[in-house]
Peer 1: 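Quick one: this structure, given as structure tokens, is what I'll be asking you about.
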Amino acid sequence: MNLNDLANLGQIIGALAVVISLIYVAMQIRQNTNAIRSAAAQVVHEHFASWYHLLANDAELSQIAVNGLRDYFSLSETEKARFIAMFMAFLSYSQNAFLKWREKMLEPPLWMGWELLIMNLVSSPGGKTFSKDRGYMFGDEFRQYVENDLMKRTPHPDAKPMGAFSIGPRAE
């Protein structure tokens, strides 16, 4: 074997090392992407869980939520302020989940559950009124998705915002 053959062998070994390194980097990127997706899903779930805990731990706020979703205009000034704070938090979390889903950071089955919840709440009479009054405070893409898609869908026959009253068409 002469020097030229050794040089060629060295180039082949070097090329194989580069390919192996690229495969390793690709695997690391994939693992990192999966970890980021998992973390994004966890954050979305924690936001919604904290919102539910807020309502579960405050019977008065829960009643305000139900009353506001049923009839936004029936709320007193103080109740309306609490309802707005509660629903703004919910829609802020919803917008975050929507953006994560659009960025492919939430798997479609995970998003579907939150999407149905959002649809149930914004399709309620009070949710529609709230969206008209405060929808401008959210990003265009999310607001248009809510107004032009979710609010125009026919709710499931068993849809009940906060489990309190039916908004879906009833099958007789």
Side-chain angles (χ1 to χ4, degrees), residues 33-172:
T33 300
N34 289 338
I36 289 171
R37 279 191 185 130
S38 179
Q42 184 64 34
V43 167
V44 166
H45 289 303
E46 286 174 4
H47 284 160
F48 282 116
S50 70
W51 182 78
Y52 271 118
H53 285 136
L54 172 74
L55 291 172
N57 290 325
D58 187 336
E60 183 182 353
L61 183 58
S62 293
Q63 190 60 56
I64 290 169
V66 169
N67 293 344
L69 290 168
R70 185 176 282 136
D71 182 5
Y72 182 75
F73 295 112
S74 72
L75 300 175
S76 71
E77 188 175 272
T78 302
E79 290 171 334
K80 196 174 283 186
R82 291 188 76 191
F83 180 82
I84 289 169
M86 178 273 309
F87 212 59
M88 284 297 294
F90 171 76
L91 287 177
S92 293
Y93 295 150
S94 299
Q95 179 173 245
N96 181 47
F98 170 79
L99 293 173
K100 298 278 187 265
W101 172 66
R102 285 282 201 222
E103 295 166 356
K104 307 233 184 289
M105 299 308 286
L106 274 183
E107 292 295 323
L110 293 174
W111 166 247
M112 188 182 74
W114 297 120
E115 180 185 58
L116 290 172
L117 172 64
I118 297 164
M119 187 180 82
N120 285 349
L121 297 186
V122 299
S123 295
S124 69
K128 288 178 182 176
T129 302
F130 183 90
S131 292
K132 286 179 188 171
D133 284 353
R134 304 226 174 244
Y136 70 92
M137 299 177 88
F138 297 94
D140 287 340
E141 188 180 7
F142 176 68
R143 188 180 69 251
Q144 289 173 10
Y145 184 72
V146 168
E147 292 172 358
N148 298 329
D149 186 349
L150 294 183
M151 291 175 83
K152 291 186 178 180
R153 292 184 194 175
T154 301
H156 187 278
D158 296 328
K160 292 182 180 181
M162 306 302 291
F165 57 95
S166 181
I167 60 167
R170 282 289 182 210
E172 299 292 325

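Note that the structure is predicted; figures quoted are calculated from it, not measured. Start at 1 with the first residue, then count along the sequence.
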Peer 1: Working note: F48 + W114, criterion ring-ring contact (aromatic ring centres under 6.0 Å, His included); need CA distance, chi angles, decisive distance, verdict.
Peer 2: CA-CA 9 Å; F48 282 116; W114 297 120; 4.0 Å; yes
Peer 1: What is the distance from atom OG of S50 to atom NE2 of H53, rounded to the nearest 0.5 Å?
Peer 2: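 Rounded to the nearest 0.5 Å, the OG-NE2 separation comes to 8.5 Å.
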Peer 1: What's the separation between atom CD in E107 and atom NZ in K100, rounded to the nearest 0.5 Å?
Peer 2: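 The CD atom of E107 sits 14.5 Å away from the NZ atom of K100.
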Peer 1: Could you check if a side-chain atom of I64 sits within less than 4.5 angstrom of a side-chain atom of M86, using non-hydrogen atoms only?
Peer 2: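 No; the side chains remain at least 4.5 Å from each other.
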Peer 1: Rounded to the nearest 0.5 Å, how far apart are CE of M162 and CG of L55?
Peer 2: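 Separation between the atoms: 4.5 Å.
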Peer 1: If you define the side chain from C-beta out and look only at heavy atoms, does anything of R82 sit under 4.5 Å from D58?
Peer 2: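 Yes - at least one pair of side-chain heavy atoms lies under 4.5 Å apart.
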Peer 1: Mind checking whether W101 and F98 have parallel, tilted or perpendicular rings, split at 30° and 60°?
Peer 2: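 Because their plane-to-plane angle lies in the 30° to 60° range, the rings of W101 and F98 count as tilted.
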Peer 1: Could you please spell out the steps behind the salt bridge (charged side-chain N to carboxylate O under 4.0 Å, His left out) verdict for E147 and K152?
Peer 2: CA-CA 7 Å; E147 292 172 358; K152 291 186 178 180; over 6 Å; no
Peer 1: So how far is it from E79 CD to N67 CG, rounded to the nearest 0.5 Å?
Peer 2: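 The CG atom of N67 is 6.5 Å from CD of E79, to the nearest 0.5 Å.
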Peer 1: Compute both the distance and the angle, then confirm whether R102 meets the cation-pi test with F142: under 6.0 Å from the six-membered ring centre, within 45 degrees of the axis.
Peer 2: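 Not flagged: R102 not positioned over aromatic ring of F142.
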Peer 1: Give the table of side-chain donor-acceptor pairs shorter than 3.5 Å for residues 121-132, with sequence neighbours excluded, one pair per line with atom names and distance.
Peer 2:
{"from": "S123", "atom 1": "OG", "to": "M119", "atom 2": "O", "distance (Å)": "2.8"}
{"from": "S124", "atom 1": "OG", "to": "L69", "atom 2": "O", "distance (Å)": "3.3"}
{"from": "S124", "atom 1": "OG", "to": "L121", "atom 2": "O", "distance (Å)": "2.8"}
{"from": "S124", "atom 1": "OG", "to": "G127", "atom 2": "N", "distance (Å)": "3.0"}
{"from": "T129", "atom 1": "OG1", "to": "P125", "atom 2": "O", "distance (Å)": "3.1"}
{"from": "S131", "atom 1": "OG", "to": "G127", "atom 2": "O", "distance (Å)": "3.0"}

Peer 1: Mind checking the OH-CG spacing from Y52 to N57? Nearest 0.5 Å is all I need.
Peer 2: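 Reported value, rounded in 0.5 Å steps: 14.5 Å.
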Peer 1: Working to the nearest 0.5 Å, report the span between CD1 of I167 and CG of D158.
Peer 2: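 That separation rounds to 11.0 Å.
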Peer 1: Are V146 and Q95 close enough that some pair of their side-chain heavy atoms sits under 4.5 Å apart?
Peer 2: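 The answer is no, as the side chains (C-beta and beyond) never meet within the 4.5 Å cut-off.
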Peer 1: Yes or no on salt bridge (charged side-chain N to carboxylate O under 4.0 Å, His left out) for D133 and K80, after CA distance, side-chain angles and deciding distance?
Peer 2: CA-CA 12 Å; D133 284 353; K80 196 174 283 186; over 6 Å; no
Peer 1: Which pair of non-hydrogen atoms, one from D140 and one from R143, has the smallest distance, and what is that distance?
Peer 2: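 Heavy atoms of D140 and R143 come nearest at OD1-NH2, 2.9 Å.
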Peer 1: Is E115 salt-bridged to R153, cutoff N-O under 4.0 Å?
Peer 2: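 Looking at R153 together with E115, the answer is yes, because their closest N to O distance falls below 4.0 Å.
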Peer 1: Does the side-chain contact (heavy atoms from CB on, under 4.5 Å) test come out yes or no for L110 and H45, once each step is laid out?
Peer 2: CA-CA 9 Å; L110 293 174; H45 289 303; 3.6 Å; yes
Peer 1: Go through the steps to decide whether Y93 and F90 satisfy the test ring-ring contact (aromatic ring centres under 6.0 Å, His included), and finish with yes or no.
Peer 2: CA-CA 5 Å; Y93 295 150; F90 171 76; 8.2 Å; no
Peer 1: Does NZ or CZ of K160 lie under 6.0 Å from the centre of the six-membered ring of F165, at an angle within 45° of the ring axis?
Peer 2: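 Because its charged atom misses either the 6.0 Å distance or the 45° angle limit, K160 does not stack over F165.
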Peer 1: When you compare the side chain of S94 with that of F138, does any pair of heavy atoms fall below 4.5 Å?
Peer 2: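 With C-beta onward as the side chain, the pair stays apart.
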